[in-house]
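Report on the following structure.
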Amino acid sequence: MLSKQHKKYVTKANFMLHGGDYNPDQWLDHPDILADDIKLMQLAHTNTFSLGIFAWSALEPEEGVYHFEWLDKVINDIHSYGGKVILATPSGARPAWMSQKYPEVLRVNERREKQLHGGRHNHCFTSPVYREKTQAMNRLLAERYGDHPAIIMWHISNEYGGECHCDYCQEAFRGWLKEKYNEDLKALNDAWWGPFWSHTISDWSQVESPSPIGENAVHGLNLDWRRFVTDQTINFFENEIVPLREISPDIPITTNFMADTFDLIPFQSLDYSKFAKHLDVVSWDAYPAWHNDWESTANLAMKVGFIDDLYRSLKQQPFLLMESTPSLVNWHEVNKAKRPGMHLLASMQMIAHGSDSILYFQWRKSRGSSEKFHGAVVDHDNSSENRVFKEVAEVGKTLEKLGPVVGTNRPADVAIVYDWENNWALNDAQGYGLSSKQYPQTLQQHYRTFWENDIPVDVITKEQDFSNYKLLIVPMLYLVNEETIARLKAFVENGGQLVMTYISGIVNEHDLTYLGGWHHDLQEIFGINPTETDTLYPSDRNYVTFRNKKYELKDYATVIDVHAATTEATYVEDFYANRAAVTSQTFGKGKTYYIGGRLEEKFHEDFYLELITELGIQPVAKVKHGKGVSVQARQAADRDYLFIMNFTEEQQNVTFEKSVTDLVTGETLEGEITLQQYQVRIVAQ
Ligand code: GLA
Ligand code: ZN
């Protein structure tokens, strides 16, 4: 973990980045617009632009015919006013001539249908031609711009995702499997539980990627395919960056990660914990549906905080907000505008959780095609006088005051484990409730109490170091290998407190169940043996009694045989009434807790608040406030920067115990202050 003492600048700039995706290639016939852009960029207090993300057809309109002069000019114009550039490699979308001449670059979907040219992000990750073409283009970009003083970072491709099932990819998958299983077909059949439904494979050539018209019931295969898709995507990325590393080794590299946006949970289909190891900086594109009609603003803010804490923790350093909208998007069910104040608040939340940038999709609204109504800093009116532009400029002015925050970190005593493979395996499991597993959402429910009580949390993967944390929470860790079990055990033996829940410790890394009861080490650490998982219908309810209070339970209840553990809570109803629902056990120098059922929010609050007190875990500051206000901190060696954010539609009173200085206004704040709806104050203490 980066300590309070060390600042880490993740790009070649040491200020807060403000700007975003700029697509001058859409406006090359409008020099007046391009000239306006440079003026407006300054009026908007922006300083950094991502260029060339979808510009391949402008850069290479015909095979081998290159046009860089327009890009030279834009980079130089931005540089002349003091701005910086994040230069993209254009592999996210390619020119039509390439698909036409080399159809192998096009994807084949899981139904084995070859895709036509169109859209974007639809290339094969294995195609030798596409790999050669992207590398050649990237070499030219690096040679031309690798030492340009305006370039502070490389933006590789765009939102990598999806999969390809073409013959090249099938061959690569078989090669990947041969390597993984040491050319031993028996090992593969064992891992995939081959004899089930006569799925034993007698030759490597029989292996095919999962498909709705073919193999889809072999969980070991599904899991290996998803692992392969991540590895092959990274492999493609590594191929892209060869010339960049060679020619411009000092320019850091990122690619923009995503979230699954409708429910605002981490992106599902690529294992970002693996991907992050290949990046210098993690960046992501955040598009929460603020002001939606199904949840409170505070609930949505909590979910954003969770993803921020996960993506920041991947590298334990500041991350970047690569894309966000200054107003609205064009692809939500309902594309509602951010209400006045929300843009500043939402932006400051990102900084509070560790971002060193506020970047937008997009700088200027396009005139045609599917994103012409997507929010942008500059609207079709080309004006600096509208509400959105002014709110962007306000964010810019605020960021200009936050120089000291850049590079600072957020130490945490609490960690929650999020695991991509676990999520895949759990979703695949034909068992439990098909729609009630909700692994990422369950983690967010465990995260909530800490968020509401201003206690910083790292959301880490199961491979990361546990030893710095006082409290480690591993809800629904269904897939867990021997190594992780040993690491969890060592963590507790050395004094850590570990919370685990229902549906944990069920299968190994091949998605094969453990035999002979719960894993022996888990039984030892927790002092229990969970013997049955009862899955409830959506309208079913049970209850548990904990510290003489009754809490509601839904979806899942584990029947537990208690060995050496202490029973902390008991079930109220059903055939396991009065039996243990929550247990604890002192083990080594630490302690474990097992939560057997899916319990209501209030339980998490009471349970975790008790633990927080017992462990002496402190909030980031002693600031009193009501629900819906969040206080987060970035910490430097000599001071803490607090972000006090009102995620409610009401005025909120906030009381400081110590006097603090407002970083934006310079005022000294003491005692009680009032925050208006969506207001944020940033103070130093
Ligand atoms: C993604 C893409 C952008 C743009 C936005 C729209 O994040 O990376 O190019 O399409 O969505 O919200
Ligand atoms: Zn392919």
Side-chain angles (χ1 to χ4, degrees), residues 20-23 25-26 49-56 86 88-94 99 102-115 119-131 134 155-176 208-209 211 225 228-229 231-233 235-236 239 254-262 264 267 283-290 307 320-333 335-338 359-366 369-377:
D21 284 21
Y22 177 34
N23 302 305
D25 37 310
Q26 293 178 18
F49 291 89
S50 305
L51 288 174
I53 299 173
F54 298 112
W56 203 331
I86 297 171
T89 67
S91 67
R94 63 188 170 279
S99 306
Y102 307 101
E104 68 165 66
V105 304
L106 294 163
R107 254 179 215 181
V108 172
N109 72 12
E110 55 185 6
R111 300 187 69 84
R112 311 304 192 252
E113 293 157 346
K114 180 108 183 150
Q115 306 295 286
R120 56 175 175 169
H121 301 161
N122 56 0
H123 59 269
C124 168
F125 287 115
T126 311
S127 152
V129 168
Y130 203 51
R131 285 174 171 233
T134 49
H155 178 301
I156 310 304
S157 201
N158 192 64
E159 296 191 334
Y160 282 117
E163 51 191 57
C164 175
H165 299 256
C166 77
D167 291 345
Y168 280 123
C169 288
Q170 301 293 350
E171 258 325 287
F173 182 40
R174 288 176 201 124
W176 184 93
E208 274 275 337
S209 60
S211 168
W225 170 251
F228 164 77
V229 169
D231 284 356
Q232 195 67 351
T233 307
N235 190 275
F236 179 88
N239 179 73
T254 192
T255 187
N256 46 343
F257 285 174
M258 295 175 264
D260 268 7
T261 307
F262 290 103
L264 215 76
F267 186 61
S283 62
W284 78 286
D285 303 342
Y287 293 104
W290 295 113
I307 302 184
L320 298 176
L321 174 65
M322 185 57 80
E323 291 179 24
S324 61
T325 176
S327 50
L328 41 74
V329 298
N330 65 329
W331 51 268
H332 284 163
E333 187 66 26
N335 297 297
K336 193 167 182 173
K338 281 177 173 168
L359 299 168
Y360 309 116
F361 181 87
Q362 50 192 340
W363 165 251
R364 177 183 286 278
K365 259 186 196 174
S366 60
S369 296
S370 65
E371 289 183 333
K372 62 178 173 295
F373 297 124
H374 191 291
V377 180

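No experiment lies behind these values; they were computed from the predicted model shown. Ligands are counted one by one from 1 in listed order, and the atoms in each one are counted from 1 as well.
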(message) Need the ligand 1 atom indices (1-based, order shown) with element for anything under 4.0 Å from a heavy-atom of Glu159.
(response) 1 (C), 2 (C), 7 (O), 8 (O)
(request) May I ask you to check whether Gln232 and Trp176 show a side-chain donor-acceptor distance below 3.5 Å? (result) no
(request) State the atoms of ligand 1, each with its element, that fall below the 4.0 Å cut-off from a heavy-atom position in His374. (result) 6 (C), 12 (O)
(message) Below 30° counts as parallel, above 60° as perpendicular, anything between as tilted: where do the rings of Tyr160 and Phe125 land?
(response) tilted
(message) Is there a polar contact, in the sense of an N or O pair closer than 3.5 Å, between Arg120 and ligand 1?
(response) yes
(message) Can you tell me which portion of Glu371 lies within the under-4.0 Å heavy-atom range of ligand 1? Options are side chain, backbone, both, or neither.
(response) side chain
(message) I'd like to check which ligand 1 atoms, numbered from 1 as shown, lie under 4.0 Å from a non-hydrogen atom of Asn158.
(response) 2 (C), 8 (O), 9 (O)
(request) If you have a sec, read the angle at the Zn ion (ligand 2) from Cys124 atom SG over to Cys164 atom SG, to 10 degrees. (result) 110°
(request) Determine the minimum heavy-atom distance between Tyr168 and Thr126, stating which atoms define it. (result) O-CG2, 3.6 Å
(request) Enumerate the atoms of ligand 1 whose separation from the nearest heavy atom of Asp285 is less than 4.0 angstrom. (result) 7 (O), 8 (O)
(request) Fit a plane to each ring of Phe228 and Phe173, take the angle between them on a 0 to 90° scale, and name the class: parallel (under 30°), tilted (30 to 60°) or perpendicular (over 60°). (result) tilted
(message) Only to 10 degrees, please: what angle do the SG atom of Cys169 and the SG atom of Cys166 make about the Zn ion (ligand 2)?
(response) 110°
(request) Considering the heavy atoms of Phe54, write down every atom of ligand 1 situated less than 4.0 Å from one of them. (result) 9 (O)
(request) Return the residue, atom name and 0.1 Å-rounded distance of the protein heavy atom closest to atom 7 (O) of ligand 1. (result) Glu323 OE1, 2.4 Å
(message) So, regarding Asp21 and ligand 1 (criterion: nitrogen or oxygen to nitrogen or oxygen, under 3.5 Å), is there a contact or not?
(response) no
(request) Identify the heavy atoms of Gly162 and Arg107 that sit nearest to each other, and give their distance. (result) CA-NH1, 3.6 Å
(request) May I ask you to check whether Phe267 and Trp284 place their ring centers less than 6.0 Å from one another? (result) no
(request) Please answer whether the main-chain N or O of Val129 pairs with a side-chain N or O of Glu104 as donor and acceptor at a distance below 3.5 Å. (result) yes
(request) Mark up the atoms of ligand 1 that fall under 4.0 Å of a heavy atom belonging to Trp331, in ascending order. (result) 6 (C), 12 (O)
(request) Flag the pair Trp331 / Ser370 as yes when at least one side-chain heavy-atom distance between them is below 4.5 Å, and no otherwise. (result) no
